[in-house]
Structures are given as structure tokens and as C-alpha cells.
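Letters go in sequence order (proteins before strands), and every chain restarts at 1.
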There are 2 protein chains.
Amino acid sequence: MSTALALLTPADSAACCSPLSAQPLTTEQAEQVAPLMKALADPVRLRLMSLIASHDGGEACVCDLNDAFDLSQPTISHHLKVLHEAGLVDRDKRGVWVYYRARQQALAAIGALIGCTPI
Amino acid sequence: MSTALALLTPADSAACCSPLSAQPLTTEQAEQVAPLMKALADPVRLRLMSLIASHDGGEACVCDLNDAFDLSQPTISHHLKVLHEAGLVDRDKRGVWVYYRARQQALAAIGALIGCTPI
DNA sequence: ACGAGACATTGACGGCTGTCAATATAGAGG
DNA sequence: CCTCTATATTGACAGCCGTCAATGTCTCGT
């Protein structure tokens with residue numbers, strides 16, 4: 001959800017490089033951001049995220065994603081659920097197909113914390 | 001180690017925003033970066049990293065770090081080991097004290113992948 | 001040499017994670 | 001309705017993770 005994002009966007013909008021190196025994170029901040037990173041800290045989910053984000057229209061259908069891996073369909077479905085529950089992707093069911101869309105703000109939130117995002 | 005970094009720095013130096021959204025990660029790239037993110041995807045280690053990175057001189061002694069948490073000394077030592085083995089911090093023993101230093105390149109590598117780092 | 005302080009390692013424990021096979025659900029088309 | 005296709009859920013299993021208490025290792029004073 002956007003609760004994690006709210007913690008990052010307000011004050012650090014102006015500052016440029018790595019809040020992580022600028023001042024220590026509060027316990028609260030760390031506990032909000034860690035789940036986002038944890039959701040992304042898996043090879044399969046990293047590839048899923050990049051496949052979704054770089055796909056035409058910024059969204060991808062599960063059927064496309066399944067083919068990119070040597071994993072069972074339920075496993076991919078599980079990883080997508082993890083990404084979704086972390087607030088990293090949106091779910092959109094259209095007919096028989098389900099489309100996942102990358103939430104750029106969530107990615108930006110992590111990027112802003114770790115590295116540096118020009119907001 | 002810098003093996004993970006090497007995969008990211010070469011081509012994407014020029015491009016600005018989120019390689020993750022620009023083109024899909026290869027399996028190899030994902031498997032190299034995921035461990036770095038996994039090492040950082042913990043509230044305690046996130047705070048440790050930020051405490052180290054934002055400390056005077058870019059380094060911090062374990063004794064300082066211990067006091068910032070309500071955790072046992074071995075637990076902090078364990079987390080520092082995880083960060084160190086992931087290549088996120090350097091270890092420097094000086095006398096009785098051990099100093100940990102943030103490896104900016106490693107942070108930048110993750111940041112460049114997820115968000116956007118002006119290199 | 002000895003004691004004390006700073007940090008690491010070991011061993012143990014409950015809890016979480018990634019994976020699959022099997023099964024369920026839910027639209028679309030006939 | 002019935003079946004097919006697309007996706008999700010459940011249940012099970014091995015393996016990893018975060019934590020602590022106990023112990024080990026190193027280094028500086030004395």
C-alpha cells in the first residue's frame with residue numbers, strides 16, 4: 001500500500017543522494033521499507049517485476065509471464081501475489097486474463113531510499 | 001563482491017530511469033542482484049546500513065551500533081556478517097575495535113537497478 | 001602472565017519461504 | 001448447461017532466517 005511510500009516522499013523530495021547515507025533511518029522507516037525490498041529480493045520476482053515494467057503498456061498478462069520461467073504456474077501465481085500484496089504491482093482482471101501493472105511510485109520509493117531518484 | 005556490480009555498471013551508465021522498467025533483466029542479472037537486495041531487506045540491516053553510511057567518516061564501530069538496538073550483541077554481529085558477506089560493507093579491525101564501512105558502489109548498484117542513479 | 005573488554009562463533013529453536021501436485025474458481029464459447 | 005482455458009488456492013515439504021544463551025578469540029592494560 002501507499003503507507004510505505006508516504007514515509008519517504010515528503011521530506012526527502014529535495015535531497016539528492018541516498019537518504020540511507022544522509023541520516024540514519026528511524027525504526028519505523030526501516031520497518032516500512034523492508035517488506036517492499038523483501039518482496040523484490042528474489043530472482044524470480046525481480047525478473048517478474050522487470051518483465052511487467054518493461055512490457056508494452058507497462059502491463060503484462062500472466063500467460064506471458066508463465067512462459068518466461070521454468071516454474072509451475074502456481075509458483076508464478078504465488079510470486080505475483082507476493083508482489084501484489086507488497087504494493088509493487090496492481091492487478092487488473094479483464095475477461096479470462098489477468099494483467100499486472102508495475103507501480104512506479106513503489107519502485108521509486110525504494111530507489112529514492114537506496115540510491116537516488118530525481119523527483 | 002564486485003561481480004554483482006560489474007553486471008550493472010557497464011551498459012546502463014548512460015540511461016537514466018530504472019533499467020528495471022527499460023528492459024527485462026536476464027536470469028543471470030536477477031540472480032546476481034537478488035542476494036544484495038536480500039541482505040538489505042531486513043529492518044535491522046537497513047538501519048545498520050544507514051547508521052554506518054551516515055556516521056562520521058562513513059564508518060562506524062560495532063560498539064556504537066549495538067547501542068542503537070534492543071538486540072543481543074551476537075545478533076548484531078550476525079547481521080553485520082550478512083551485510084559483509086553480501087559485499088555491502090567493509091570490515092576493518094583496529095585494535096580492539098572493529099569498524100564497518102559502507103560500500104557506496106554496492107548501494108549505487110541496487111539504486112541504479114531499482115530507481116535511478118546519476119552516475 | 002593475567003584479567004577485562006570487544007567482537008565472533010556455535011548450537012538450538014520457532015517461524016517464514018520457495019516449490020510443487022492437486023484442486024478450486026471463474027469467464028467464454030459452444 | 002458443459003467444457004475448455006486462465007488463474008488462484010490449498011496442503012505439504014525441505015530449507016533458510018532471525019534470535020538468543022553460551023562460549024570462544026583476540027587485544028590491550030596492568
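Judged as a side chain to side chain contact (heavy atoms under 4.5 Å, CB included), and not counting sequence neighbours, the contacts of A/Pro24 are B/Ser50, B/Leu51, B/Ser54. Qualifying salt bridge (Lys or Arg N to Asp or Glu O under 4.0 Å) partners for B/Glu59, counting only residues two or more places apart in sequence or in other chains: B/Arg94, B/Arg101. Legend: residues meeting side chain to side chain contact (heavy atoms under 4.5 Å, CB included) with A/Ala102, ordered by chain and number and at least two apart, are A/Met49, A/Ile52, A/Ala53, A/Gln104. For A/Arg91, there are no salt bridge (Lys or Arg N to Asp or Glu O under 4.0 Å) partners at least two apart in sequence or on another chain.
Hydrophobic clustering (ILVMFWY, side-chain heavy atoms < 4.5 Å, transitive): B/Phe69 and B/Tyr100 are in one cluster.
Applying the disulfide (SG to SG under 2.5 Å) definition to pairs two or more places apart or across chains, those involving residues 34-108 of chain B are B/Cys61-B/Cys63.
The backbone N or O of B/Ala68 lies less than 3.5 Å from a partner atom in the side chain of B/Arg47, making a donor-acceptor pair.
A/Tyr99 has no side-chain polar atom (N or O) that falls below the 4.0 Å cut-off from OP1 or OP2 of D/dT7.
Side-chain contact between A/Leu80 and A/His84 is absent, with no heavy atoms from C-beta onward closer than 4.5 Å.
Through chains of ILVMFWY side-chain contacts below 4.5 Å, B/Val96 is grouped with B/Trp97, B/Tyr99.
The footprint of chain A on DNA chain C, defined by a heavy-atom cutoff below 4.0 Å, extends from C/dG18 to C/dA28.
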Legend entry - Summary of protein contacts for nucleotides 14-30 of chain D, nucleotide by nucleotide, where a base hit scores B, a sugar-phosphate-only hit scores S (4.0 Å, heavy atoms): ----SBBBB---SSS--
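A heavy atom lying under 4.0 Å from DNA chain D marks the following residues of residues 49-68 of chain A, by number: A/Cys61, A/Val62, A/Cys63.
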Validation: residues 36-46 of chain B side-chain donor-acceptor distances under 3.5 Å, sequence neighbours left out:
unit_1	atom_1	unit_2	atom_2	d
B/Asp42	OD1	B/Val44	N	2.9
B/Asp42	OD1	B/Arg45	N	3.2
B/Arg45	NE	B/Ala39	O	2.5
B/Arg45	NH1	B/His79	ND1	3.0

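The residue B/Phe69 sits apart from the nucleic acid: no heavy atom pair falls under 4.0 Å.
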